[in-house]
**Student:** 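Have a look at the structure that comes next, please.
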Amino acid sequence: MYACCTVGLVLALQLAVLGPASAAAKSQEDISVSIQVKNKNIEDVFATLSAKTGLSFHYDKSECNVKQKITLNCVNEPLEEVLYQLSTQTGLKFTRKNNKIIVRLPGIAGNNALKSVTLDGKGSLVINVKGTVKDAKGSPIPGVTVMVKGTNNGTQTGPGGTYSLQANVGEILVFRSMGYNIKEAIIPTSGLVDVVLEDNVKALSEFVVTALGIQKKSKELTYATQQLNGDELSKVKDANVINSLAGKAAGVTITRSASGIGGSARVVLRGNKSTRENQPLYIIDGVPMANFSPAQPTDVWGQANGIAVTGGRDGGDGISNINPDDIETINILKGASAAALYGSQAANGVIIITTKKGKSGRVRIDVSSDFTVESVMKLPELQYKYGQTEKPGATPGTPESWGEVVNAPNHVDDFFNKGNTWNNSISLSGGSEKAQTYFSYSNTNNKGILPSSEFKRHTLNFRESLRLLNDKLTVDANITFVNQKSHNRLSPGIYYNPLPGLYLFPRGQDFDDYATHFEGFVPSRNFDLQRWWNIDYSNPDADNWRGRDDQQNPYWVLYRTASDDNRDRAMTSITAKYQLTDWLNVQARGSFDKSYDQYELKANAGTQIVIAPANGRYINEKERNTQLYADLIFNLNKKLSENWRIGATVGTSITDTKMHDRNMVGVNQNASPGLEYANKFSIANIQANALDAQHSIQRRQLQALFGSVQVGLKDYLFLDLTGRNDWSSTFAFTPTMSSGFFYYSAGITNVISDMLSLPSFINFAKIRASYAQVGNDIAPYSSRPGQFSQQILSGVGRVTFNTRTPLPGIYMKPEKNESFEIGFETRMFDDKVNLDFTYYVNNNFNQYMEVPAPVGSGYTIYYLNLGNIRNHGVEAMLTLTPLRTNNFRWNSSFNFAANRNKIVKLSDPDVPGASPSNMFTLTQFGVNMYGSFIREGGSWGDIYANRELAYNDEGQLLVKLNSQTNRYEPVINTLSQEPKKVGNPNPDFMLGWNNSFDYKDLSVSFLIDGRFGGKVMSVTQSVLDAYGVSKVTANARDNGGVPVNAFDVENDKAVSSLDPRDYYFNVGGRAGIGELYMYDATSIRLRELAISYKLPLKAKWLRDVRLGIIGRNLFFFKCDAPFDPELSMGTGNGLQGIDVFGLPATRSLGVNLKVGF
Amino acid sequence: MKKNNYKSTLKSLGIAVGAACLLTACTKNFENINTNPYDYSEEELAKDFRYLGDPLVQVINNVYSVDPVWVAQVQQNLNADVYSGYMMSPTPFAGNVNNLNYSFIDGWNTNIWSVPYTNIMPPSKFVIDRAYGKFNDFYAWAKILRVLGMHRVSDIYGPIIYSHYGEINEDGSITYDTQEEVYDAFFADLSEAIDTLTAFENRGAVKAFTQFDKVYGGSYKKWVQFANTLRLRLAIRISKVAPAKAKEQGEAALTHPFGLLADGATDNTLVDIAPLQHPLNVYSGSWGDIRMGAPMESFLVGYNDPRISIYFDTAKSIIGGVYKGIRNGIAISSKDTYAGFSALKPVESKVQLMTAAEAWFLKAEAALYDWANAGNAQEDYEKGILASFTQHGLVANYADYIADNSSKPLPYNDPQNPGNNVAIGNANLSTITIAWNEGASQAEKLERIITQKWIATFPEGCEAWAEFRRTRYPKLFPVVVNNSNGAIPTEQFVRRISYPSSEYSTNKSAVEKAVASLGGPDTGGTPLWWDIN
């Protein structure tokens, strides 16, 4: 059964590959063409050329006489020559931009406003003016129109970007070329005018890659997209390339894991929509890329993957494996309308990455090297004035520091290193007309701010593009290898984390002693074990010296409980496209993506007893992720009449995933002594009674049939329809399995500026509207969970009876995501002001929900689909060019997004347990203060508290006398039945402001962005307060107490001040009062700064040398929370907006060098 | 040329349509893909009776949940084990506002409810349904284990879901049994199981569940003795509220030819959980979360009871060398204040669910009520102490111990906070002695029996707490800090645990009816049906 599908597809693939001849998209390389035509319509000539070269011709039919007759006889001549001949015969001007040829009428002068230049009255001074036109990277640009302003005098640059013409000194030359900003220059007496044209970002996005790799003109799109080019992302690099999107795209919220460099990132487009998956689909060069994270922490302790009492583990993610320098463009399809063709994987939007291809012609080598230094940017505010409450003696003393004044030294600041990161990459591109090669290698090498932590990554990418069978067949194959090693990536949370011990260390004890001697010889065991102020294995009174699970010697954690997270990954894909006729092509693609992760924790003997047994603890986790993808697509593009054009796509695809194919073997923390021989970390050394083992896999296959139709009327009215039917294996055992699920989208756009005559300052204006319905499948196996499951815990392997099931009497259904968006786009004042505005509303029905079953039913959890989560919001992008002179240019762009999320419904009156008060748990409280639940009436990500201070009707804090201390303590209500909502980490709105200044060879750019609104929780602060090591507790002591308006009911007495210890000890701790530890998440920062200078070197073999200074996350303009609110403990659905001893935010500053040969 | 193109177009289109059709036909494989290869189906477990035996192993390992350890900690240790006076935690959990001072934490108590309804009811029902009529020994064993697991749940909450388990009403609710009804059901189940296994034993049937039975190695006879003792335990429990029924059921147990558990060396119900550690070792040892309770210190030190060194370590540092317990429900600012008090002695990997000693003490109490075949109260009482001493290898100390007619529980001193002291003369400080006094009042006799039963039952706090509520013996020290906001009067002690919030959200109408049958609000202050003190 399985074979039949694949055979069908493979057969199709092979035929498509082996069939005769085709054409393909080509980059800006030298192309030779043979064409013989006699008296043919120019339109037909364009079509023929297009078929032969893969280039597309773009022209305005109203301007251009398409019936003009042409005769050509060219045999293997350079394209430029052919175009030149065309130009001579028609008078048309051709400008080539990558694989597009822009056709223009000659002599259309722009009304470029430049202050008029007055000649000095000495009359005409005609000279020979010449020069070279280059792009920002120093490559010559052929085909640039060079006009003398206000005249019909003009020419075009040749293949080397050179031009010459006759003009007067003092006259102004206007350089224009599609894809570049218009540039003007005054002719000097020397007659030499060399100019550099800057990329016009707006124009670059004229053509955008849409779903399934279909290129469309942005003006024809019926929905909002945003395109960023690779340069913008690699200007100031981050080890996880997706972090570079932050602040640059409206409606994209990026949260980084507080685990440091190379950690995972959570990307959410237009708000969280689902109880299950909220991150977008990544598409690289047309095929889906697996973005699985092998592990994320699931609770405040930091435990991951169901392994009890371990440190949190950020297993990284898939997108971070991409080398930023390989990226040509990133396209963000934020809404369901844009993504509808991708089907159920794309309900949360799609991020399309197009990578670089080889270019024919001279071999180009680009080398780029960045070096940055990271330093701590924001630490918790701590105190060193007051000492340990009870000093050590027969016992270690107390862990808290509520004692007398000791004025201890600050031991925290020096603990962190200056981190440094090298990012080096080299790429090579070249080839012949038939075969082009792109090869790149990059490495990232980071030493973290945490001593001993390291991150290394190597990426190798090889791409070959071929044109075969008379150029009718194009084949493009790509293979990428990634090797990534991360040593001691921080585990946010309380266990296996050096930071709790560092911050909580009782003031007044000698930290340096424990830093230099983090282990000590224990005669009874004949080797070294941990030393910490409350851990001493050589003390006969062992019970008092075994320490606490919430802190250990930070150096012990780093050097003796090391963790290693390694990944090897190979991604390979092949695309074959065959041009069947000039209006129809067929394309087949296949890809294979496999990653292999290994995680090891090696905790030496001497690790605190709660989290590791006496001989040490070893955990070995291996995970494989495999994804196979294949599709077959027919593309049709035909002009039906003068006014009507039709485009259509029909295709089928299959995606087969084996996710989280994981096995874990480890030592149970409660076993004794765990390992047979101490400190030997191997599976064979695990004692039989200590063995924990897990084995799991998630399998899923998705098959689809899809199609789309686009109808264009007169190039100003476009209608877009898509439809897709998905069959997902996750619906096995339900009726949805055989029927699959269908969804569709419809959109319309009207280019008003092409239809009506608008005031002249408006260069472009369009409106668009679209509606889409997208389904999303369910988790594997949930339609019929297994009857019994098995795992081994402490050497015992037993099956357990499964009590989770779909609600009896129902079948699981797909999520139904309905979205509507409407937008407006305009460019004004010579493209100096561009505005794009979108409003969207998205309702996601049939949420996957788990409700507690009435236990009397025989089950504990029912699965079902119900409810609706709504997101609606606006996005606006404003791009300005406030200043533009000959040598100076200032570009400024703003992007703004505001999203409102509401859990409209998450109940079903007919289902017991699915009452409005029922909640979908993202993070359970456990014994701690943080809980996050999705609940009807609330918003996705709401943070809840399980304890609150008690107040009387007058608003006075209730206090009671403690019989032991005879002092007042606040009265605390536990809210176990009804947790209290205390905030939501999602921002009210986000604003990014990107600026670039270019002055001759110098360019400066910076990015300021802010998240406004939202609240985050700091468990760190709560714990620090309870231990008396936070600055606020010292301040309270300095002030003689915590002023309160309180009342003692029992004694009917008002109380105005509480002892700081009695107050903070009771409200703080990891089970503290949630409300008091919520902070405004508003943060505004200087996210990126880049200064670069192009060295004026002249050598034949050297194209370009650029030197720069780069900075990232330099400082906050505003941030009231005690940690960077953009960091979160995990990047899964839970633990959003919470800090539990996460790695402090860092600023990085460095230099980079780019050399092109 | 052009014609060719069209031809190949058609050809490719044909292939595409073909491929698409094949695709849509290929969902047959989906069932295979969407089945977790590492889970098990009933068929896969049919070999070696594992589908009947493994679920029952799950049941018996969750009467007192053995893994993960924190579950048992909140299922029993941080409520019943403390409410019984056996233990107290030095840890100020949740800012010291928690179960231990009568502020119930739903997140903890949920486990008292969900553990049995995840790990006892579903697997035992599965076995009962599958084994009935085919493998009646498994059927009977499942019924005994189900009563063992669920009577503890009823003794914590009162009404529970038992006889209507799995029957969903029109409105989606599942009906509770009142506590009286559920006790009737327990007796019916035990009676049927006892008859069945007795017949198996009498005809010398091949033992079928030996490989799964980590208590009695598959012995039908031992399980009948256990079931008889369990029946007597439940009969004694309702002896005040329903004396006639109690007598009937108690006598049925006492007159069964196989008798009760009797031998302190071999008959104790100890579930072998090796290689797992006993959870008590973890939370007393590495976690340092549980210590000796003040009443234990008062009685065991006062009685010079040799079992003290089996149960506890001496205290560390602050008050080193002596046994020191922590009083229940006190103000604790820091874990360090009381962490050095007596820890529990590590125990072997056996979870004690019932002892032979208990059987004798039950019998002694039955004798007080003149139930048939109960024997002589003094004899039973002393045999109970002997069984306990035998269990702990202390037979040599037995004779002196039972003869001691002067030692009394000691007053309690808290070296960290005199406010917690219990002085001589305090009504909560017992004056009961060890040696049997035949001339004593019925009440004094009962106090003596229950006090010794309490010592012998350690560390099984669930049964000890139930018997304390029924008899108010042994005398325990009330909490000092009471955070129940008046719901639980301090001198009345906590009498039950309220239903988890999940019952109100999933089974509202039924739980409300159950609460109505309770005769009071759903708080810790409302006494259970059999608790008529």
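When reading the values below, keep in mind they use all heavy atoms of this one structure, side chains included, and skip hydrogens, waters and symmetry mates. Residue numbering restarts at 1 for every chain, and letters A, B, ... go by the order of the sequence lines. This one's a predicted model, so the numbers in the text were calculated from it and none came from an experiment.
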**Student:** Checking Ser103(B) against chain A: side chain, backbone, both or neither under 4.5 Å from a heavy atom?
**Tutor:**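 Only the side chain of Ser103(B) comes within 4.5 Å of chain A.
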**Student:** Between the main-chain N or O of Ala732(A) and the side-chain N or O of Ser783(A), is there a donor-acceptor pair closer than 3.5 Å?
**Tutor:**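 Confirmed, Ser783(A) side chain pairs with Ala732(A) backbone.
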**Student:** Under 4.5 Å from any heavy atom of chain A, what part of Val282(B) do you find: side chain, backbone, both or neither?
**Tutor:**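 For Val282(B), the contact with chain A is made by the side chain alone.
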**Student:** Kindly say whether Ser284(B) contributes a backbone atom to a donor-acceptor pair with the side chain of Arg291(B) at under 3.5 angstrom?
**Tutor:** yes
**Student:** Looking at Phe731(A), Phe801(A), Tyr862(A), which makes the most heavy-atom pairs under 4.5 Å with chain B?
**Tutor:**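 Heavy-atom pairs under 4.5 Å are most numerous for Phe801(A).
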**Student:** Where on Phe925(A) is there a heavy atom nearer than 4.5 Å to chain B: the side chain, the backbone, both, or neither?
**Tutor:** neither
**Student:** Is chain A contacted by the side chain of Pro68(B), its backbone, both, or neither, given a heavy-atom distance below 4.5 Å?
**Tutor:** neither
**Student:** Under 4.5 Å from any heavy atom of chain A, what part of Ser509(B) do you find: side chain, backbone, both or neither?
**Tutor:**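 When you check distances to chain A, no heavy atom of Ser509(B) falls under 4.5 Å.
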**Student:** Which atoms of Glu390(A) are under 4.5 Å from chain B, going by heavy atoms: the side chain, the backbone, both sets, or neither?
**Tutor:**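 Contact with chain B involves no heavy atom of Glu390(A) at all.
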**Student:** In terms of heavy-atom proximity below 4.5 Å to chain A, should Glu42(B) be classed as side chain, backbone, both, or neither?
**Tutor:** both
**Student:** What part of Ile330(B) is in contact with chain A, defined as an atom under 4.5 angstrom from a non-hydrogen atom: side chain, backbone, both or neither?
**Tutor:**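 Neither part, no heavy atoms under 4.5 Å.
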**Student:** Chain A heavy atoms under 4.5 Å from Phe126(B): which part of the residue, side chain, backbone, both or neither?
**Tutor:** side chain
**Student:** Asn670(A) versus chain B, heavy atoms under 4.5 Å apart: side chain, backbone, both or neither?
**Tutor:** both
**Student:** Taking side chain as everything from C-beta outward and backbone as N, CA, C, O, which of these in Glu31(B) sits under 4.5 Å from a heavy atom of chain A? Side chain, backbone, both or neither.
**Tutor:** both
**Student:** Strictly by modelled atom types, are Gln416(B) and Tyr338(B) linked by a side-chain donor-acceptor pair under 3.5 Å?
**Tutor:**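 Not at all, the side chains of Gln416(B) and Tyr338(B) share no donor-acceptor pair under 3.5 Å.
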**Student:** Only pairs of heavy atoms separated by less than 4.5 Å count here; which of Pro399(A), Ala690(A), Ala671(A), Ser915(A) has the most with chain B?
**Tutor:**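 Result: the option with the highest number of such pairs is Pro399(A).
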**Student:** Answer yes when Arg548(A) and Asp336(B) have at least one side-chain N-carboxylate O distance shorter than 4.0 Å, and no when they do not.
**Tutor:** yes
**Student:** By a 4.5 Å heavy-atom criterion (distance strictly below it), what part of Pro396(A) contacts chain B: side chain, backbone, both, or neither?
**Tutor:** neither
**Student:** Select one option (side chain, backbone, both, neither) describing which atoms of Asp67(B) are under 4.5 Å from chain A's heavy atoms.
**Tutor:**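 It is the side chain, since no backbone atom gets that close.
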**Student:** Check whether Asn663(A) reaches the backbone of His695(A) with its side chain - one donor and one acceptor, N or O, closer than 3.5 Å.
**Tutor:**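 No; judged by distance alone, with no hydrogens or angles, the pair does not exist.
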**Student:** Where on Thr803(A) is there a heavy atom nearer than 4.5 Å to chain B: the side chain, the backbone, both, or neither?
**Tutor:** side chain
**Student:** Contact part of Ser728(A) toward chain B, heavy-atom cut-off under 4.5 Å: side chain, backbone, both or neither?
**Tutor:** backbone
**Student:** Using a strict threshold of under 4.0 Å (side-chain N to carboxylate O), is an ion pair present between Lys335(B) and Asp289(B)?
**Tutor:** yes
**Student:** What part of Asn483(B) gets within 4.5 angstrom of chain A, counting heavy atoms only: side chain, backbone, both, or neither?
**Tutor:** side chain
**Student:** Quick one: what part of Thr860(A) sits under 4.5 Å from any heavy atom of chain B, side chain, backbone, both or neither?
**Tutor:**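 Looking at Thr860(A), just its side chain touches chain B.
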**Student:** Taking the six-membered ring of Phe733(A) as reference, does the cationic atom of Arg784(A) (NZ for Lys, CZ for Arg) lie under 6.0 Å from its centre and within 45° of its axis?
**Tutor:** yes
**Student:** Examine whether an atom of Ala1026(A) lies under 4.5 Å from a heavy atom of chain B, and if so say whether it belongs to the side chain, the backbone or both; otherwise answer neither.
**Tutor:**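 Neither part.
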**Student:** Check whether Trp70(B) gets within reach of chain A through its side chain, its backbone, both or neither, counting any heavy atom under 4.5 Å.
**Tutor:** neither
